[in-house]
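A short write-up of the structure that comes next.
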Amino acid sequence: MKFLLIISHDAHFRPTKDLVEDIFKWMDEMTGRGILIHGNPLRPAEEAITVRVRGGKIKAVKGPSTHAKEKISAYVLIDCLEMDDAVKIASAHPMARAATIEVRPVWEELAVIHG
């Protein structure tokens, strides 16, 4: 089963050198175990453009889609057996100590339609 780890933090977060090194170690371990499929940090939310189409008209607004205090800062796609495993894997991610990680199952039955 595939899960998306959605990593968010508030505006006060600043990564340390040790945290970044720990993240790379975690990624290397998860890759070696065949769990990590893909992942990347994201540019700041202020650089986002939110797009909606309503009544055939495109509305593009500068900024993130929500005004929550925490903003999505990175994503990681993993493959494991079940939600409990995904939660354990997410809790071992160094960002779990510094930020928030949402574990979201991929709706694979719909993904199959496209690929």
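In this chain, numbering begins with 1 at the start of the sequence shown. Fair warning: this is a prediction, and the values are worked out from it, not measured in the lab. Side-chain atoms are counted along with the backbone in the values below, which use heavy atoms only and exclude waters and symmetry mates.
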Who pairs with R14 by side-chain hydrogen bond (donor to acceptor under 3.5 Å, both in side chains), at least two apart in sequence or on another chain? none
What distance do K71 atom NZ and S8 atom OG have between them, rounded to the nearest 0.5 Å? 9.5 Å
Quick one: which residue pairs count as a side-chain hydrogen bond (donor to acceptor under 3.5 Å, both in side chains) with a foot in residues 74-99, not counting sequence neighbours? D22-R97, H38-Y75, N40-Y75
Mind checking what makes side-chain hydrogen bond (donor to acceptor under 3.5 Å, both in side chains) contact with E21, not counting sequence neighbours? none
With sequence neighbours left out, the residues meeting side-chain hydrogen bond (donor to acceptor under 3.5 Å, both in side chains) with E47 are R43
Apply side-chain contact (heavy atoms from CB on, under 4.5 Å) to residues H9 and T100 and explain how you reach the verdict. CA-CA 6 Å; H9 60 68; T100 302; over 6 Å; no
Quick one, L19 with F13, criterion side-chain contact (heavy atoms from CB on, under 4.5 Å). Give me CA distance, side-chain angles, the key distance, then yes/no. CA-CA 12 Å; L19 178 62; F13 171 79; 3.6 Å; yes
Donor-acceptor contacts, no H, no angles, side chain residues 53-65, under 3.5 Å, sequence neighbours left out:
none

Given side-chain contact (heavy atoms from CB on, under 4.5 Å), test M95 with I23 step by step and report yes or no. CA-CA 7 Å; M95 285 298 287; I23 291 168; 3.8 Å; yes
What's the verdict on side-chain contact (heavy atoms from CB on, under 4.5 Å) for I101 and I6, showing C-alpha distance, side-chain angles and the deciding distance? CA-CA 5 Å; I101 301 178; I6 304 166; over 6 Å; no
Are more than 12 heavy atoms from other residues, nucleotides or ligands located less than 6.0 Å from atom CG of L77? yes
Could you tell me the separation between the CG atom of L81 and the CD1 atom of I35, rounded to the nearest 0.5 Å? 9.0 Å
Would you give the length of the straight line joining atom NZ of K69 to atom CG of D10, rounded to the nearest 0.5 angstrom? 9.0 Å
S73 (side chain) donor-acceptor with I7 (main chain) under 3.5 angstrom: yes
So which heavy atom on A90 is nearest to which on A96, and how close? O-CB, 3.6 Å
Applying the side-chain contact (heavy atoms from CB on, under 4.5 Å) test to F3, which of V106, V87, V103 qualifies? V103
Would you mind listing the cluster partners of V20? Hydrophobic ones only (ILVMFWY), side-chain contacts under 4.5 Å, chaining allowed. F24
Under a 4.5 Å side-chain heavy-atom rule over Ile, Leu, Val, Met, Phe, Trp and Tyr, are I37 and I78 clustered together? no
Between L4 and L42, is there a shared hydrophobic cluster once you connect ILVMFWY residues whose side-chain heavy atoms come closer than 4.5 Å? yes
